[in-house]
Amino acid sequence: MNTNPHPVAIVTGGGTGIGAASAAALRAQGWDVVICGRRSENLAAVAASTGAVPFVADGASNADIHRLVETTVGRFGSIDGLVLNARIVRAGAVGDLEPRDWDDMVRTNLTGPFLLAKAAMPHLIEARGAIVGVASAAALRASEGIAGYNASKAGLAMLIQSVAVDYGPSGVRANAVCPGWTRTEMADREMAEYGAELGLEPQDAYSVSTSFVPSRRPAEACEVGRVIAWLLSDQASYINAAVLPVDGGMIAVDPGSLALDPRVKITNVQTTRSQGAPNLQR
């Protein structure tokens with residue numbers, strides 16, 4: 001019999017960014033939290049600041065996943081929630097992407113969440129628990145040059161909806177969040193690379209990358225973490241199979257209207273000789 005008075009969550013990719021912020025938000029709401037990842041020093045820092053329990057594991061290893069689930073249940077008696085957050089990005093369009101990079105992204109971004117959801121499902125059914133998958137705005141709109149990431153995150157969003165359909169009758173809820181640009185360690189590195197190409201500091205690169213986002217800024221990791229904690233809570237008890245953008249309105253923007261924005265200067269536009277109008281070619 002489970003005598004633990006607190007709900008229990010496992011957070012993958014819990015050593016940095018949205019995972020760490022989710023752990024902090026859940027701990028503030030009274031959850032017991034196990035954070036897992038591959039870098040012990042990062043997990044230790046988050047554990048020290050939040051009171052979460054660190055567990056070093058490869059989130060795409062079936063053996064590690066089973067150890068994680070068994071250890072969590074052995075210590076706390078139940079699993080009430082999962083935050084499926086671990087992710088990697090490898091750049092490349094389909095014609096350029098190396099097969100090993102594709103495999104790595106599918107393994108981390110999609111197979112790992114499947115393995116943990118499968119291993120934890122009997123405990124989630126018993127607890128009538130909930131899952132939140134951390135997908136991406138890239139799961140909803142294709143971003144240029146990251147075909148494998150787009151596909152694996154779209155797959156995660158559909159995996160989450162499938163869990164909701166299959167296990168909703170058993171009391172398990174499953175929802176996905178789709179963050180846009182969010183200040184995390186990984187995004188900071190991406191902004192540093194992007195900014196270097198344009199001669200911009202990372203802060204200015206963030207400003208440029210979100211200049212057409214209605215909120216005109218990136219999210220803070222804690223803003224996404226609070227949404228995740230809410231979706232796991234009883235306050236979201238009738239939300240199931242949702243795929244929720246947490247992107248400041250980014251995917252609502254009509255790309256066809258961007259050329260009309262007064263901040264945009266269009267160059268090298270082909271025009272018809274007779275009318276001087278844009279030559280719209282299909």
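FYI, side chains are in, hydrogens and waters are out, and symmetry mates aren't considered; it's all heavy atoms of this structure. One-based numbering along the sequence shown.
Within the 3.5 Å criterion, the main-chain N or O of A137 finds no donor-acceptor partner in the side chain of D247. No donor-acceptor distance shorter than 3.5 angstrom exists from the side chain of T210 to the backbone of V213, with no hydrogens or angles considered. Counting only distance, with no hydrogens or angles, the side chain of R263 and the backbone of S211 share a donor-acceptor pair below 3.5 Å. Checked by atom type and distance alone, the side chain of N85 pairs as donor or acceptor with a backbone atom of G13 at under 3.5 Å. A donor-acceptor pair under 3.5 Å is formed between the side chain of S215 and the backbone N or O of G248. At least one donor-acceptor pair closer than 3.5 Å links the side chain of N109 to the backbone N or O of I88. The backbone N or O of C178 sits nowhere less than 3.5 Å from a side-chain atom of S136 that would complete a donor-acceptor pair. Proximity of a side-chain donor or acceptor of Y206 to a complementary backbone N or O of D188 within less than 3.5 Å is detected. The main-chain N or O of L231 is never found under 3.5 Å from a side-chain atom of Q235 such that the two would form a donor-acceptor pair. Between the side chain of S207 and the backbone N or O of Q203 there is at least one donor-acceptor pair closer than 3.5 Å.
Cluster annotation: V11 is not connected to L116 through the hydrophobic network of ILVMFWY side chains, with a link wherever side-chain heavy atoms come within less than 4.5 Å. Taken together through direct or relayed side-chain contacts under 4.5 Å among Ile, Leu, Val, Met, Phe, Trp and Tyr, F55 and L124 form part of one hydrophobic cluster. Follow the hydrophobic side-chain contacts under 4.5 Å out from F114 and you reach L68 in the same cluster. V83 and V33 fall within the same hydrophobic cluster, defined by Ile, Leu, Val, Met, Phe, Trp and Tyr side-chain heavy atoms under 4.5 Å apart, directly or through other members. Under a hydrophobic clustering in which Ile, Leu, Val, Met, Phe, Trp and Tyr are joined whenever their side-chain heavy atoms come within less than 4.5 Å, directly or via other members, V69 and L26 fall into different clusters.
Contact annotation: the side chain of E190 approaches that of W181 to within less than 4.5 Å [non-hydrogen atoms, C-beta and beyond]. M191 has its side chain within reach of S209: a pair of non-hydrogen atoms, C-beta onward, lies under 4.5 Å apart. Counting heavy atoms from C-beta outward, V46 and P54 have side chains that stay 4.5 Å or more apart. Counting heavy atoms from C-beta on, the side chains of K153 and L110 never come closer than 4.5 Å. Side-chain contact between I79 and L82 is present, with at least one heavy-atom pair separated by less than 4.5 Å.
Between the CG atom of L156 and the OG1 atom of T111 there is a distance of 10.5 Å, given to the nearest 0.5 Å. To the nearest 0.5 Å, atoms CD1 (I146) and CE (M105) are separated by 8.5 Å. For the atom pair OG of S78 and CD of E126, the computed distance is 8.0 Å after rounding to the nearest 0.5 Å. A distance of 11.0 Å separates CG of L84 from OG of S22, quoted to the nearest 0.5 Å. The structure places CD1 of I10 at 9.0 Å from OG1 of T71, a figure rounded to the nearest 0.5 Å. Note that the CE atom of M121 and the OG atom of S170 stand 8.5 Å from one another [nearest 0.5 Å].
Nearest approach of N150 to A138, heavy atoms of both residues: OD1-CB, 3.3 Å. The nearest pair of heavy atoms linking A60 to L115 is O-CD1, 3.6 Å. Closest non-hydrogen pair, G59 versus I65, comes out as O-CD1, 3.6 Å. The heavy-atom pair separating I239 from N175 by the smallest distance is O-ND2, 3.0 Å. Among all heavy-atom pairs drawn from I35 and A23, the shortest one is CG2-CB, 3.7 Å. When every heavy atom of P179 is checked against every heavy atom of V134, the shortest pair comes out as CG-CG1, 4.1 Å.
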Please evaluate residues M186 and R87 with respect to the criterion side-chain contact (heavy atoms from CB on, under 4.5 Å), reporting the C-alpha separation (whole Å), side-chain torsions for both, the decisive distance (0.1 Å), and the verdict.
CA-CA 10 Å; M186 182 180 290; R87 66 157 187 153; 2.9 Å; yes
Pair D58-R107, salt bridge (Lys or Arg N to Asp or Glu O under 4.0 Å): steps then yes or no
CA-CA 11 Å; D58 179 348; R107 177 173 171 267; 2.6 Å; yes
Would you sort out whether R75 and V53 count as a side-chain contact (heavy atoms from CB on, under 4.5 Å), showing the intermediate values?
CA-CA 10 Å; R75 176 162 182 163; V53 175; 3.6 Å; yes
Mind running side-chain contact (heavy atoms from CB on, under 4.5 Å) on F212 and L258 for me, showing each step along the way?
CA-CA 8 Å; F212 294 107; L258 295 181; 3.7 Å; yes
Might you work through the side-chain contact (heavy atoms from CB on, under 4.5 Å) test for Y167 and I131, ending with a clear yes or no?
CA-CA 11 Å; Y167 294 97; I131 300 172; over 6 Å; no
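More than 12 heavy atoms of other residues, nucleotides or ligands lie within 6.0 Å of CG in D254, so this atom counts as buried by the packing criterion. In this structure, M158 places its CE atom where only 12 or fewer heavy-atom neighbours from other residues, nucleotides or ligands lie under 6.0 Å away. By the 6.0 Å contact criterion, CD on E144 is open, its count of non-hydrogen atoms from other residues, nucleotides or ligands being 12 or less.
The side-chain tip of R90 does not point at the ring of Y149 from less than 6.0 angstrom away and within 45° of straight on.
A salt bridge links D64 with R67: at least one charged nitrogen is closer than 4.0 Å to a carboxylate oxygen. Under 4.0 Å is where a charged nitrogen must lie from a carboxylate oxygen, and between E223 and R183 no such pair does.
Using a 3.5 Å distance cut-off with no hydrogens or angles, the side chains of D32 and N4 do pair a donor with an acceptor.
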